[in-house]
Amino acid sequence: MAPSLLHFKTAAAVAMASAKAAENDNVSRVQLPDKTRNSRVLVLGGTGRVGGSTATALSKLCPDLRIVVGGRNREKGAAMVATLGKNSEFAEVNINNKDSLEAALSDVDLVVHAAGPFQQSQKCTVLEAAIETQTAYLDVCDDTNYAFRAKSFKDRAVDANISAITTGGIYPGVSNVTAAELVHAARSESKTEPDRLRFSYYTAGSGGAGPTILATSFLLLGEEVVAYNKGQKIKLKPFTGMLNVDFGKGIGKRDVYLLNLPEVRSAHEVLEVPTVSARFGTAPFFWNWGMEAMTNLLPAEFLRDRSKVQQLVEWFDPLVRAVDGIAGERVSMRVDLECTNGRSTLALFSHRRLSVAVGNATAAFAVAILEGSTQPGVWFPEEPEGIAVEAREELLKRAAEGAIAFVMNKPPWMVETDPKELGLGIYV
């Protein structure tokens, strides 16, 4: 078994690299096993921001992979293929059509489902098609209901002998794995039990990730927040419970608000942490005010209606893109763990470009599946059957390519800009 990430020395525990290097071809190559080196990987939503970023990261990480860009727009598909090069092709795919999906999956080894938003989806059509065609599966789902619906297909996936990971992007995804490593360290090194786990996320503007991220944000405002307090499930109003969280150098202190995110429930159940919550904030600050106003002024039924939300996205998207040009697309996530013996540790990940970071993160999960790190079934990233404990170190290193900060298992004062403020005064 490879050594845990938590036993890294300073050079590996705190990884820093420039964004310039990440955007060039100076990335670490992965030598896949012979049987998967030339695998065909279908990226659904491959003409979009998240899917396109994933396809790009995969082609750089594993140049021998054959990338199939899946989407509806042939013109966009051709442009993406021209960018990726000779080992790529376009496939016209309708993810809502079973026959179209199964035809696209018939000759690929792994499908990456990045065609969101996942909120309010009533079926796991892509996962079902993957099981039917015995194709390995990965999605970047960020919706609790969808994620746990996907988990219900576990037995069918085992019977089909396919490996599947749900919520395998940056957050959720990398955030889940870092939480699992923090908990592992607490139990193995300090012989203590986790008591409170807090996920905090920040993205400047839309993160350069386009209308899908905007739609996801609006749809989440229509969902009641589920959190856990001392083992009890509690329900809270979305975009409330504001906290000012210190994301360290390069990001600073940012306001974050409660949202209903799947890693809260999965971490509570898988990692057995009694108190868990997740918060998100954006910039400029008036976007947070706007989100808060939408939560208070618009009926939840309106915000749960995908067609109505899509109209909102069309209205807001030009303004958001204009502001993005000023705000940039920095992203940061901080995972805090408090233990029963008073021990407090964190993981921190920051990148100058979300559109690059999410591709790196999703590609890291895809490569882990191709390397054989995932057992048959449907798994969350923090489950050892999803990403084996000994494979977490490599996954996190790949996901952190080009990060301006990547810190694992350190006390908060080591990264905060104002270490005197150690207590944030929250209970969920």
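Starting from 1, each residue takes its place in the sequence as its number.
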Shortest non-hydrogen contact from [X] toward [Y]:
| X | Y | value |
| --- | --- | --- |
| V174 | A361 | CG2-CB, 3.6 Å |
| P194 | L337 | CB-CD1, 3.6 Å |
| I67 | A55 | CG2-CB, 4.0 Å |
| V276 | A267 | CG1-CB, 4.5 Å |
| P412 | L346 | CA-CD2, 3.4 Å |
| E401 | N360 | O-ND2, 3.2 Å |

Pairs in or reaching into residues 166-175: which pass side chain to side chain donor-acceptor pair (under 3.5 Å), with residues at least two apart or in two chains?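 Qualifying pairs: D139-T166, Y171-T203, S175-Y201.
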All pairs passing side chain to side chain donor-acceptor pair (under 3.5 Å) where residues 65-79 contributes a residue, at least two apart: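 Matches after skipping sequence neighbours: R72-N94, R74-E92.
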Find out whether [X] and [Y] are in side-chain contact, i.e. whether some heavy atom of one side chain is under 4.5 Å from a heavy atom of the other.
| X | Y | result |
| --- | --- | --- |
| F90 | V81 | yes |
| L258 | F239 | no |
| L219 | L303 | no |
| E128 | R156 | yes |
| D143 | P262 | no |
| L370 | V41 | yes |
| L127 | V111 | no |
| V335 | L182 | yes |

I would like to know whether R37 and S39 meet side-chain hydrogen bond (donor to acceptor under 3.5 Å, both in side chains); could you show each step before the answer? CA-CA 6 Å; R37 184 171 302 159; S39 293; over 6 Å; no
For a side chain to side chain contact (heavy atoms under 4.5 Å, CB included) check, start with the C-alpha distance between K151 and F380, then their side-chain angles and the critical distance, and finish with the verdict. CA-CA 8 Å; K151 280 287 290 182; F380 291 118; 3.4 Å; yes
Flag, side chain of [X] to backbone of [Y], donor-acceptor distance under 3.5 Å:
| X | Y | result |
| --- | --- | --- |
| S53 | G359 | yes |
| S100 | N97 | no |
| R254 | D246 | no |
| T133 | A129 | yes |
| R304 | G222 | yes |
| E329 | S355 | yes |
| E382 | N176 | no |
| R149 | S121 | yes |
| N296 | A293 | no |
| R40 | D107 | yes |

Set out, in order, the CA-CA distance, both residues' side-chain angles and the distance that settles salt bridge (Lys or Arg N to Asp or Glu O under 4.0 Å) for R398 and E371, then state yes or no. CA-CA 13 Å; R398 291 166 182 167; E371 287 177 326; 2.9 Å; yes
Go through the steps to decide whether S332 and S350 satisfy the test side-chain hydrogen bond (donor to acceptor under 3.5 Å, both in side chains), and finish with yes or no. CA-CA 4 Å; S332 187; S350 300; 2.7 Å; yes
To the nearest 0.5 Å, how far apart are [atom1] in [X] and [atom2] in [Y]?
| X | Y | atom1 | atom2 | value |
| --- | --- | --- | --- | --- |
| S266 | F148 | OG | CZ | 5.5 Å |
| I131 | N161 | CD1 | CG | 12.0 Å |
| K98 | T125 | NZ | OG1 | 10.0 Å |
| S59 | N87 | OG | CG | 9.0 Å |
| L197 | F199 | CG | CZ | 4.5 Å |
| L354 | M333 | CG | CE | 10.0 Å |

Tell me, with the steps shown, if K308 and E301 meet side chain to side chain contact (heavy atoms under 4.5 Å, CB included). CA-CA 10 Å; K308 289 185 172 63; E301 293 76 15; over 6 Å; no
Donor + acceptor pair across side chains of D142, Q119 (<3.5 Å):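 Side chains of D142 and Q119: pair found under 3.5 Å.
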Before giving the answer on side chain to side chain contact (heavy atoms under 4.5 Å, CB included), spell out for V30 and E394 the whole-Å C-alpha distance, their side-chain angles and the decisive distance to 0.1 Å. CA-CA 10 Å; V30 173; E394 202 59 52; over 6 Å; no
Measuring centre to centre across the rings, with the benzene-like ring taken for any Trp, is H351 within less than 6.0 Å of F406?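 Not close enough - the centres of the two rings lie 6.0 Å or further apart.
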Pairing residues for A366 by the side-chain contact (heavy atoms from CB on, under 4.5 Å) criterion, not counting sequence neighbours: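 Once residues adjacent in sequence are excluded, the partners of A366 under the side-chain contact (heavy atoms from CB on, under 4.5 Å) criterion are L58, L110, V112, L138.
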Please step through side-chain hydrogen bond (donor to acceptor under 3.5 Å, both in side chains) for the pair S163 and Q375, ending with a clear verdict. CA-CA 6 Å; S163 301; Q375 296 181 22; over 6 Å; no
Under the side chain to side chain contact (heavy atoms under 4.5 Å, CB included) criterion, do L32 and D64 qualify, and how do the steps go? CA-CA 9 Å; L32 290 169; D64 292 330; over 6 Å; no
Pair N288-D255, side-chain hydrogen bond (donor to acceptor under 3.5 Å, both in side chains): steps then yes or no: CA-CA 8 Å; N288 289 327; D255 294 341; 5.5 Å; no
Any salt bridge between E383 and R392, counting N to O under 4.0 Å?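 Salt bridge flag = no for R392 with E383.
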Between K253, K249, R334, which is the residue that forms a salt bridge (Lys or Arg N to Asp or Glu O under 4.0 Å) with E416?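 Only one of K253, K249, R334 forms a salt bridge (Lys or Arg N to Asp or Glu O under 4.0 Å) with E416, namely R334.
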Identify the residue among L42, V68, L44 that makes a side-chain contact (heavy atoms from CB on, under 4.5 Å) with L105.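 It is L42; the other options fail the test.
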